[in-house]
Amino acid sequence: MGTIQKNLGLKHKYMAYTTAAGALAAYPKRIPSGAVAQKELDGVGQKIGLKIQEILDTGKLKKLDQYNSDPKIVTLNLLCRVTGVGPAAARKWIDSGVKTIEDLKKEKLNHHQEIGVKYFEDFEKRIPRSEMQEIKNIVKTSISQLDQLITVKICGSYRRGSESSGDVDVLITHPKFTNEKKEQKDTFDLIKRIVDRLEKIKFLTDHLANGTQQYMGVCKIPKEGAIARRIDIKLFPKESFYTALLHFTGSGEHNRQLSCIAINKGFKLSEFSITPVGSTGVEGAPIPVQSEKEIYDILGIPFRKPSE
DNA sequence: AAGACGTCGCATATGC
DNA sequence: GCACATGCGA
DNA sequence: GTCTT
């Protein structure tokens, strides 16, 4: 239900379903009824409570079955699986008769969508940890040849120890790239230089977005039959590096927990900084941190490694 | 009853 | 050509 | 769709 709401453009309903599903999954006991779910679980209200009851009673959800038997919804869900295609583009095409990915190939696509169609199957395949390690080696080696002072971290589920990942999330920083430089919009073309190099060795095969702070693209390891993988490279100023590292290592759920703890203890935690928030709600200057552990220390909770 | 719900970089569209 | 809006991804 | 104001 959540995915359908998102593809319809109702992102807050999508969030509501995601929150409710998370609360349900985290609940230790069996839920005996929709009414109990509504009473016990934050994020489950009347409507989702009734849906839970329906599933308990009948094993299915009429509303969802209706959606899934609606050809327009089926097509909407299909088209939105192409990266670069969202609710607005999908709706436009469905109205003009597009039904399949093959149909989509004949339409006028922007560059991002062209790549999305080109690698439609590849991008849905998981990346085994062994391949993530190969990718990490290639990226780290190339970047250190460029400038030894660049710090490189592969974040996401890989850093949490997962046996497979959905994409490659690379976070970098450089001692000379500071908030001040960022604010002055100094042309710090680190990303461009890295991308040039990784392109030259044929590791990067396509680009989706190529800016001064953020790159999104496609990579392949140099092996026969290698699968195209989504890779992002983000550059953060050194002051933000550890909050960014924490944030992009996740998980999303862990981030929400930390953010909640931070608020309760009078702080605000984001990928950019951790700041004190006074009782009046006025935000103070960012607290400098030199490691992930220092952030946990400020929050007054025991440090847990990414894999925990 | 009504508004918030994360926020921002990048590509591209839109209007001047 | 520039300033701002929109779509999208994360 | 849910929660808060």
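By convention in this document, chain letters (A, B, ...) are assigned in the order of the sequence lines, proteins followed by strands, and residues within each chain are numbered from 1.
The side chain of A:E271 approaches B:dG6 more closely than any other nucleotide in the set B:dG6, C:dG9, D:dG1. For A:F272, the listed nucleotide lying nearest its side chain is B:dC8; candidates were D:dG1, B:dC8, C:dC8. Comparing atom distances between the A:H12 side chain and each of D:dG1, B:dT12, C:dC8 picks out D:dG1 as nearest. Listed candidates were B:dG9, D:dG1, B:dA11. Nearest to the side chain of A:N210 is B:dA11.
Of the side-chain N and O atoms in A:K51, one or more sit less than 4.0 angstrom from OP1 or OP2 of D:dG1. When the side-chain nitrogen and oxygen atoms of A:R230 are compared with OP1 and OP2 of C:dA10, one or more of them lie within a distance under 4.0 Å.
Here A:L10 lies out of heavy-atom contact (under 4.0 Å) with every strand. Nucleic acid contact class of A:A89 (heavy atoms, under 4.0 Å, all strands): sugar-phosphate only. A:T83 comes within 4.0 angstrom of sugar-phosphate atoms only, judged by non-hydrogen atoms across all strands, and of no base. At a threshold of 4.0 angstrom between heavy atoms, the contacts of A:K47 are confined to the sugar-phosphate backbone, with no base atom among them.
A:D103 contributes a side-chain N or O that, together with a main-chain N or O of A:T100, makes up a donor-acceptor pair within less than 3.5 Å.
Remark: P of B:dA11 and CD of A:Q213 are 12 Å apart, rounded to the nearest angstrom.
Base pairing analysis places D:dG1 opposite B:dC5; the two distances defining the Watson-Crick or G-U wobble pair are each below 3.5 Å. With a cut-off of 3.5 Å on both Watson-Crick or G-U wobble distances, the partner of C:dA3 is given as B:dT14.
Residue A:D147 places its CG atom among more than 12 non-hydrogen atoms of other residues, nucleotides or ligands, all under 6.0 Å distant.
Electrostatic pairing of A:R159 and A:E292 counts as a salt bridge here, judged by a charged N lying under 4.0 Å from a carboxylate O.
Comparing A:M15 and A:A209 by the nucleotide of DNA chain B that holds the closest heavy atom to each, the one mapping nearer the 5' end is A:M15.
Both tests do not hold together for A:K220 against A:F203: distance to the six-membered ring centre under 6.0 Å, angle to the ring axis within 45°.
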